[in-house]
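To keep things clear, I will list the structure first and then write my remarks on it.
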Amino acid sequence: MEKFTTLTGIAAPMPLVNIDTDMIIPKQFLKTIARTGLGKNLFDEMRFTQDGAEIPGFVLNQPAYRKAEILVAGDNFGCGSSREHAPWALLDFGIRAVISTSFADIFYNNCFKNGILPIVLPAEAVATLMADAQRGANARITVDLAAQTVTSSDGQVFPFEVDAFKKHCLLNGLDDIGLTLAKARAIDAFEASAAQARPWV
Amino acid sequence: MTGPKTLYDKIWDAHIVSTSEDGTCLLYIDRHLVHEVTSPQAFEGLRLAGRKVRAPEKTIAVPDHNVPTTLDRVSGIIANEESRIQVDALDKNARDFGVVYYPVSDVRQGIVHIVGPEQGWTLPGMTVVCGDSHTATHGAFGALAHGIGTSEVEHVLATQTLIQKKSKNMKVEVTGHLRPGVTAKDITLSVIGATGTAGGTGYVIEYCGTAIEDLSMEGRMTVCNMAIEGGARAGLIAPDEVTFAYVMGRPHAPKGAQWEAALNWWKTLKTDPGAHFDKVVTLKGEDIAPVVTWGTSPEDVLPITGVVPAATDFTGGKVEAAQRSLDYMGLTPGMKLTDIKIDTVFIGSCTNGRIEDLRAAAAILKGKKIKEGMRAMVVPGSGLVRAQAEEEGLAQIFIDAGMEWRLAGCSMCLAMNPDQLSPGERCAATSNRNFEGRQGRGGRTHLLSPAMAAAAAITGHLTDVREMM
């Protein structure tokens, strides 16, 4: 997994609430057995017509936002299906951070496994950053994971909370399977005692 | 942790392998269910790292999302190449890694969340995960069950554990009793209507109260299945005699002395008096009506007697979302929900593809014909549900009514197989999501119960099933 330390980039505004993972990556693109290559289908049904032509009004089709690396989104981003294809598609497009007032639980966790930082901020802060994002490509937002801050293009600083373990893994690009396998003895011990206590499992 | 515990607290505590200073836990996973869409990258990850599946005997794989449900599937290969590759990959992965496997040709094949309980893999007090958000279904047994992404699927395959932080406790109590024509589906949709799709974010919900206790296991699974649509990590219902009766004798349920030992522990799996809940929501069973969704979020719920709302009925970001929903759904504010004409009816899915659901639909359809021009399909949740429905004569009722009687799979719930809606096609569906494009690009979905879906199939429009009982 790629590390996430700091990022200064173009932020695309998506004020719609309840953007679900079916919107982020529709089901017809889940038939892949790879993790890569999904960026071209990110937000497919919002971004392209059925014939594959770009829908000009969609934010990521607008010249200012074609190279966006941050999304500023409405409440409850990433709800619905557990498909990790959603963060894979965001990452493949080039999005490394998403800012919202709230995220669905599974999507939030999936982001951290893929080097994407989901940032929860209060509604007023998101509104400020949304307005900043709406100013276009010159308005660059900065995210600093170590400092746990988001800085708007005019220098307003918004601190955010993040779980210490998730932060550690993301800052260092760690594979958490390796970390857990280092605790194999504890897992062995648990299995031995569970086999006594609940032999039917 | 001392003092009175919730059911969630008890299951959590029984599965902690280790706890870090910051409260992050390594949680042991008793059952890992696997399907073909969210697992290939996880198995590939194991191969690349030279890792094995730690507990193949606790890992159960079944293809469901992509499989065709038409009767000709038994005779041939899957026509869609990408779908075929994905199902073939599961086939190979299951055999290479030695996990329990129910291939398409096995009568026990079906939707993973129907197969698990049916085969007795899901038991009270367990931790159950699957790379699928509707894993919440298994909470009906008093098992802590939730969906995970593919990276976590790989983590569980390799370690049989998950790195977790504990969620908060939420209680959803449904008091009293349901009125005739009102079902578990109406309960779970009404709860989401009350809390919103983010109302459960950060929580594990325990559903309780007499109206929940009244439900069969099938009904309880319907309720817990949609906990995720309310944003909750998981839904739980304390196991009781109804649970034990369902589990007893299932192929992988404990037997003999182990059954007695299990039962002794299972009977302790209930929230202690005075245990703390961070949030409490109460609904009166008598107040719940048969409901339908009008929009493109499961929170867009109204009693069937209602009218389509206007965007201006909402506040904040929901105004724009509601207008977008109305445009997408092609609905005009103020029109009666019962005036909404339906093109297609879909009965099935992990929400409502069990035998009781088919019985409820058949009770309405018996001796009737579906509306001329209507497309209607009944897709049983497993091969065994299909066999039982045929034995009980339900299948013949559907066929005589003019409906298609299919083989088991996820089918039109998410339309990864050929069962899809066309742009503008309007469907009354017993599934769980009415998102834009969910059942096919441009398709319009109204969520409802199996009995309500059957009623709509007959009349050709959304209908209050109570008028047909």
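Residue numbering restarts at 1 for every chain, and letters A, B, ... go by the order of the sequence lines.
We find that D22(A) and R441(B) are not joined by a salt bridge, their nearest charged nitrogen and carboxylate oxygen being 4.0 Å or further apart. Remark: E54(A) does not engage R47(A) in a salt bridge, criterion side-chain N to carboxylate O under 4.0 Å. With salt bridges taken as basic N to acidic carboxylate O contacts below 4.0 Å, one links K318(B) and E299(B). Between D20(A) and R438(B), no side-chain nitrogen of the basic residue sits less than 4.0 Å from a carboxylate oxygen of the acidic one, so the salt-bridge criterion is not met.
The part of N80(B) that comes within reach of chain A is its side chain, from C-beta onward, which places non-hydrogen atoms under 4.5 angstrom from that chain. Residue contact with chain B, scored on non-hydrogen atoms closer than 4.5 Å, involves the backbone and the side chain of R35(A) alike. Only the backbone of F103(A) has a heavy atom closer than 4.5 Å to any heavy atom of chain B. In this structure, chain B has no heavy atom under 4.5 Å from any part of T21(A). Of the atoms belonging to L16(A), heavy atoms from both backbone and side chain fall under 4.5 Å from chain B. In this structure, no portion of H252(B) lies under 4.5 Å from any heavy atom of chain A. Residue P298(B) does not touch chain A at all, counting heavy-atom pairs closer than 4.5 Å. In this structure, chain A has heavy atoms under 4.5 Å from both the backbone and the side chain of M416(B). Only the side chain of K183(A) comes within contact range of chain B, with at least one heavy atom under 4.5 Å from a heavy atom of that chain. Proximity to chain A (any heavy atom under 4.5 Å) is restricted, for K165(B), to the side chain, taken from C-beta onward. When heavy atoms are compared at a cutoff of 4.5 Å, Q41(B) approaches chain A by way of both its backbone and its side chain.
Between the side chain of Y65(A) and the backbone N or O of A133(A), at least one donor-acceptor pair lies under 3.5 Å. Without hydrogens or angle criteria, Y108(A) side chain to G78(A) main chain gives no donor-acceptor distance under 3.5 Å. A donor-acceptor contact shorter than 3.5 Å links the side chain of S100(A) to the backbone of G74(A). D132(B) places a side-chain N or O within 3.5 Å of a backbone atom of H134(B) that can act as its donor or acceptor partner. Using modelled atom types, no side-chain atom of T135(B) and backbone atom of V129(B) make a donor-acceptor pair closer than 3.5 Å.
Every pair passing salt bridge (Lys or Arg N to Asp or Glu O under 4.0 Å) that includes a residue from residues 85-109 of chain A is listed here, sequence neighbours excluded: E2(A)-R96(A), D105(A)-R233(B).
Between H35(B) and H65(B), the distance from one ring center to the other falls under 6.0 angstrom.
Heavy-atom neighbours of chain A within the stretch residues 147-159 of chain B, taken at a separation under 4.5 angstrom, comprise G147(B), I148(B), G149(B), T150(B), S151(B), E152(B), E154(B), H155(B), A158(B), T159(B).
Ranked by heavy-atom pairs shorter than 4.5 Å toward chain B, the options S102(A), P199(A), C79(A) are led by P199(A). Of all the listed residues (K58(B), R54(B), H15(B)), the one sharing the greatest number of non-hydrogen pairs under 4.5 Å with chain A is R54(B).
Under the 4.5 Å side-chain criterion, counting only non-hydrogen atoms from C-beta, F435(B) is not in contact with M23(A).
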